[in-house]
Amino acid sequence: MQIPSDFLTLPFTQPVVIITLVLVIILCAPILFSRLKIPNIVGLILAGVAVGPYGFNLLARDASFEIFGQVGILYLMFLAAVEIDMYHLRRNYRKGILFGLVTFLLPMGIGIPLTHYALHTGWTSSVLIASMYASHTLISYPVVSRFGLSNNRGAVIAVCGTIVAVLLALLALAEVVAVRVSGYFDVWNLFILLGLMAIYALAIGWSFPWLTRWFFRKVSDTVLQFIFILTLVLVASTLAKLIGLEAILGAFYAGLILNRFIPTRSALMQRISFVGNAIFIPYFLIGVGMLINVHVIFRGLGVAWAAAVMTATALFTKGLAAWAGRRMCHLDASEGKMLFGLSSGKAAATIAATMIGYQYGLLTEDMMNGAVVMILVCCIVASLATERAAKQIRITLSAAELDNEAPRQAGFARQIVAVSNPLTAEGIMRMALFMRSPRNTEPVTALFVRNNDDAVLVREGRQSLSVARNAAEAMEVECRDVERFDLNIMAGVTNVLRERHATEVVIGLHRRSNIVDTFFGGLIESLMKSTNRMIIMSRCFIPVDTIDKIIVYVPQNAEYETGFPSWIARIGNLAAQISSRVVFLCFPKTAEYIEAHIEEGGYAFSRIYSHMESWDDFIILSSQVGSEDLLVVVGARRGSVSCTGDSENMPSFLGRHFKNQNLALIIPEQFGGTSAPRP
């Protein structure tokens, strides 16, 4: 057998060989370099240097690296945006914008004169090189994600600052090129670009949410949803490129727009993270390494001097900006180090500026090679600094979490999710799981109770259990399914509640079958009488994670009920995990207690309070519930302190006016023996 000649020549050109070698690097590099105490990111870059055209020449930087590398940097920016909790972003975006201005202006202000006099460049070239100092890439962001610090103040501020700094650096680059081509500064082109940016932002900001809601309601397959999301990201990136911006800005903006449709604990988010961290981002890092020619350092003093000046200036100015940002934003030392780590890496925008500068004759060959060395050193320093800061922050947070772990674990919810219809089982299970704390490790129980052996009923019930179990497993929650035969269905539910020591039951809201049927139905009414545990009834016509707003009706004196903290925990977890706004319709005194429990529990979501004085106020305010909203009604058992005549009128009112709206009813726990919130 004769071996084909292209198997024996370097660099390898066989697609299977190329993919195999890349996968071996992705697999082995982190294992090898972790033993050497070198961050995975640095390891992948150094591996790219070794196998690339300036190393052992095993691989050429062919079209596959161009494509996967470009998608990788877009994916990195998209993940950075989609993993941020929008509540934390809204709280810190002003600080992020401020840091972005500082981390752009300081490198520009110091870099322009320093480069001009140290490297003897013209002022136009000095501005171009200073824009390379000012821009940065979130190349070390996977470290932040790996340590679960996406919502840390330092990380959120750094991500926001990145967009501001990169945008301003790219505007500076565009104007430098325009001056080089035309010989003068044209302010009109700048206004045109700003106008196109405004149109772009409005068009994407309006169309993407509408398209995503429509698609998610029509298609429940998470694979197709993943393809749809990736398509939107690439469309946003392409349109950004067309109007004169970098594609990475479009990917980041798409991530911000799509953030609320991709909950952290969803199968879709798991697929997005897996594909990015397993393929696209490592491909990008290896490709960055393949661009770097370490031999240029030894070609002459010109390259070494340019590399030293550019690297030292870039790191010093970014360090100074991180120190100033830490002071202005009142961050601690570890968060300040994270600011520096995330804002000192160089890749996409810097590489683009280097190539453009060399193409237009603004950079000499020595300067271009010096820029390549600067990119390598900055990537290594950024990865080391970010990993060190992330470890310090995680150790501090873990110590605080361990102090509270025992009492929290003791109070975690134990849920029974009763299902019988395969069409609604997934929605009910997802609603239940979004309502519980992400730290809750208690298994959830999917329950189907039947009182006869009808073949159709048995088949649908078992299919419902399978659907519910798959939904729980997709969110990485252990699910135990129970099929139970009992002469009375509600007695079966109640018995399982007691056997499993459950804290609550989640069930689909009853649908009236005839004119004399009650709103709750006889089975649910029996359940309310037979148990004092919290009961949550849900009816959602749209996927839970596409809900735009949650409107919560709270009866008067609800704060005196035993289950008051528990249902607040449910609303808090749901709103935080699907990034939804909450409007509490409540009495002024009750609002104070609600806010106190939210602050104590640390639930991160946007909320407003609409105060009521009477039942008529609720009738008026409830008219604002739209088809994309969820109305949550906190009910009251008969004889409880929050039960009034208005509460007893609520079922008939909902039955008449909210037949086609998304609705959830919560009957709080009563006389449960504890007033502590259960996450």
Side-chain angles (χ1 to χ4, degrees), residues 70-71 73-87 89-90 163 195-276 280 423 426-427 430-431 434 471 474-475 540-550 574-575 577-581 606 625-630 660-662:
Q70 183 63 29
V71 174
I73 184 59
L74 299 180
Y75 219 100
L76 186 63
M77 298 301 292
F78 170 67
L79 272 180
V82 84
E83 287 184 351
I84 295 177
D85 187 286
M86 296 305 290
Y87 175 77
L89 179 62
R90 282 188 285 266
I163 299 308
L196 290 174
M197 287 171 54
I199 296 172
Y200 170 84
L202 291 174
I204 296 296
W206 177 83
S207 62
F208 276 25
W210 182 85
L211 283 171
T212 304
R213 286 193 185 95
W214 174 83
F215 189 85
F216 279 16
R217 291 170 188 174
K218 298 291 184 181
V219 179
S220 59
D221 188 293
T222 53
V223 174
L224 294 179
Q225 288 180 351
F226 168 77
I227 299 298
F228 174 79
I229 291 295
L230 185 57
T231 302
L232 290 186
V233 173
L234 296 179
V235 167
S237 303
T238 303
L239 293 177
K241 195 75 174 177
L242 287 175
I243 67 172
L245 297 174
E246 274 298 309
I248 56 176
L249 296 176
F252 183 83
Y253 185 58
L256 290 181
I257 296 299
L258 299 173
N259 180 292
R260 63 175 311 274
F261 299 103
I262 310 173
T264 303
R265 297 171 63 223
S266 64
L268 177 58
M269 186 65 193
Q270 291 174 24
R271 281 181 167 81
I272 290 173
S273 298
F274 172 78
V275 173
F280 289 129
L423 299 178
E426 180 180 3
R430 285 166 59 82
M431 177 71 79
F434 279 132
M475 296 177 67
C540 223
F541 296 105
I542 62 176
V544 179
D545 42 9
T546 64
I547 291 172
D548 182 51
K549 181 173 57 179
I550 302 173
L574 175 63
Q577 294 188 71
I578 67 172
S579 301
S580 179
R581 303 175 287 139
S606 298
V625 179
S627 59
E628 296 175 354
D629 302 332
L630 172 67
N660 300 315
Q661 274 77 19
N662 307 306

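These numbers come from a predicted model, not from an experiment.
Between the Glu628 side chain and the Thr546 main chain, no donor and acceptor come within less than 3.5 Å of each other. Of the possible polar contacts, none joining the Gln225 side chain to the Leu268 backbone as a donor-acceptor pair under 3.5 Å is found. Without hydrogens or angle criteria, Asn662 side chain to Asp629 main chain gives a donor-acceptor distance under 3.5 Å. The backbone N or O of Met269 sits less than 3.5 Å from a side-chain atom of Ser273, completing a donor-acceptor pair.
The distance from the OG1 atom of Thr212 to the CZ atom of Arg217 is 10.5 Å, given to the nearest 0.5 Å. A distance of 4.0 Å separates OG of Ser580 from CD1 of Ile550, quoted to the nearest 0.5 Å. With rounding to the nearest 0.5 angstrom, the CG atom of Leu76 is 13.0 Å from the CZ atom of Phe280. Rounded to the nearest 0.5 Å, atoms OG1 (Thr222) and CD1 (Ile229) are 12.0 Å apart.
Screening Arg90, Lys549, Arg581 for a side-chain hydrogen bond (donor to acceptor under 3.5 Å, both in side chains) involving Ser606 leaves a single residue, Arg90.
Applying the ring-ring contact (aromatic ring centres under 6.0 Å, His included) test to pairs two or more places apart or on separate chains, those with a residue in residues 220-248 are Phe215-Phe228. For residues 227-241, the pairs satisfying side-chain hydrogen bond (donor to acceptor under 3.5 Å, both in side chains) are Lys241-Glu246, with sequence neighbours left out.
Contact between Gln70 and Ala247 at its shortest, heavy atoms only, is NE2-CB, 4.0 Å. In terms of heavy-atom proximity, Met77 sits nearest to Ala251 at CB-CB, 4.4 Å. Scanning both residues, Ser266 and Pro263, for their nearest heavy atoms gives OG-O, 2.7 Å. Contact detail for Gln661 and Gly626: the closest heavy-atom pair is CG-O, 4.5 Å. Phe261 approaches Phe216 most closely through the heavy-atom pair O-CE2, 3.5 Å.
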Let's go through Asp545 and Arg430 carefully: what are the C-alpha distance in whole Å and the side-chain angles of both, what is the deciding distance for salt bridge (charged side-chain N to carboxylate O under 4.0 Å, His left out) to 0.1 Å, and is it a yes or a no? CA-CA 9 Å; Asp545 42 9; Arg430 285 166 59 82; 2.7 Å; yes

Might you work through the side-chain contact (heavy atoms from CB on, under 4.5 Å) test for Met431 and Leu630, ending with a clear yes or no? CA-CA 11 Å; Met431 177 71 79; Leu630 172 67; 4.1 Å; yes

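Residues Leu196 and Leu242 are not in side-chain contact: their nearest non-hydrogen atoms beyond the backbone lie 4.5 Å or more apart. Taking 4.5 Å as the limit, every side-chain heavy atom of Leu239 sits out of range of all side-chain heavy atoms of Ile243. Looking at heavy atoms from C-beta onward, Tyr75 lies in side-chain contact with Ile272 at the 4.5 angstrom threshold.
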Contacts under 3.5 angstrom, residues 198-210 side chains, donor-acceptor by atom type, not counting sequence neighbours:
from: Tyr200; atom 1: OH; to: Ala236; atom 2: O; distance (Å): 2.7
from: Ser207; atom 1: OG; to: Ala203; atom 2: O; distance (Å): 2.7

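Asp548 and Arg213 are joined by a salt bridge, as a carboxylate oxygen and a charged side-chain nitrogen come within less than 4.0 angstrom of each other.
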